[in-house]
Amino acid sequence: MVFPRAAAAGSRSREAGVNSERAALEALWQAVCAIPRGRVSTYGAVARAAGLPGRARQAGYALKVAPRSLNLPWHRVVAAGGRIAFAAGSAAHREQARRLRAEGVTVRGGRVVHSAMTELDEL
DNA sequence: TGTATGACCCTGA
DNA sequence: CTCAGGGCCATAC
């Protein structure tokens with residue numbers, strides 16, 4: 001899978017550091033792509049799968065800046081414990097729950113039932 | 001050059 | 001269950 005050029009933030013990729021960030025983003029996007037339909041994973045697990053252990057935050061950032069054109073299954077990524085990361089009641093929160101249910105995932109009280117969670121890691 | 005802010009996570013109280 | 005505190009780190013200002 002090859003990703004389009006500039007992500008939201010770094011249009012100018014001159015420095016090595018910036019390029020490394022690009023690589024991290026692509027690795028994260030790749031990991032998200034790997035989550036099969038009807039299954040759910042977490043930010044932390046996605047980060048680990050992308051070779052960035054402990055950087056759950058960047059996983060969230062990666063989704064935030066991901067170009068729409070990638071059509072990433074962002075809704076299959078939730079916070080630890082199956083919690084939907086968006087504020088309860090927010091449009092995004094409802095949208096994610098809607099998309100998950102559309103794939104047969106049970107969402108209750110803002111969190112996906114444990115059985116629907118992929119036993120993390122093994123992406 | 002610093003400080004503040006997150007689609008986060010974990011442990012402990 | 002909630003809260004606090006520490007870790008993480010790219011961006012924004």
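Lettering follows sequence order; numbering is per chain, from 1. The structure displayed is predicted, hence computed values, not measured ones.
For the pair A:Arg55 CZ and B:dC10 P, the interatomic distance rounds to 17 Å; values are reported in whole Å. One atom, CE of A:Met117, and another, P of B:dC9, lie 9 Å apart when rounded to the nearest Å. Atom P of nucleotide B:dC8 and atom CG of A:Leu52 are separated by 16 Å, given to the nearest angstrom. The CH2-C1' distance, from A:Trp74 to B:dC8, rounds to 17 Å in whole Å. Rounded to whole Å, the distance from CZ on A:Arg48 to C1' on C:dC8 is 14 Å. At whole-Å resolution of the value, CZ in A:Arg94 and P in B:dA7 are 17 Å apart. Between the C1' atom of C:dA10 and the CZ atom of A:Arg22 lies a distance of 14 Å, rounded to the nearest Å. Straight-line distance from the CD atom of A:Gln58 to the P atom of C:dA10: 5 Å, rounded to whole Å.
When all heavy atoms are compared, the tightest approach of A:Val32 to A:Pro73 is O-CG, 3.4 Å. In this structure, A:Thr42 and A:Ala79 approach most closely via the heavy-atom pair CG2-O, 3.9 Å.
Taking CZ from A:Arg101 and NE2 from A:His75, the interatomic distance works out to 13.0 Å, rounded to the nearest 0.5 Å. Between the CD atom of A:Gln96 and the CH2 atom of A:Trp74 there is a distance of 5.0 Å, given to the nearest 0.5 Å.
Taking only side-chain atoms of A:Arg111, from C-beta outward, the nucleotide of B:dA7, C:dC1, B:dC9 with the closest atom is C:dC1.
Using a 4.0 Å cut-off between a side-chain N of Lys or Arg and a carboxylate O of Asp or Glu, A:Arg76 and A:Glu103 qualify as a salt bridge.
Straight-line distance between the C1' atoms of C:dG7 and B:dG6: roughly 14 Å, to the nearest whole Å. When the P atom is used for both B:dA7 and C:dG5, the distance is 22 Å, rounded to whole Å.
On a pure distance criterion of 3.5 Å, a polar donor-acceptor pair joins the side chain of A:Tyr43 and the base of B:dA7.
Here A:Tyr61 does not reach the OP1 or OP2 of B:dC8: none of its side-chain N or O atoms lies under 4.0 Å away.
Across all strands shown, A:Arg57 has heavy atoms under 4.0 Å from base atoms, whether or not it also approaches the sugar-phosphate.
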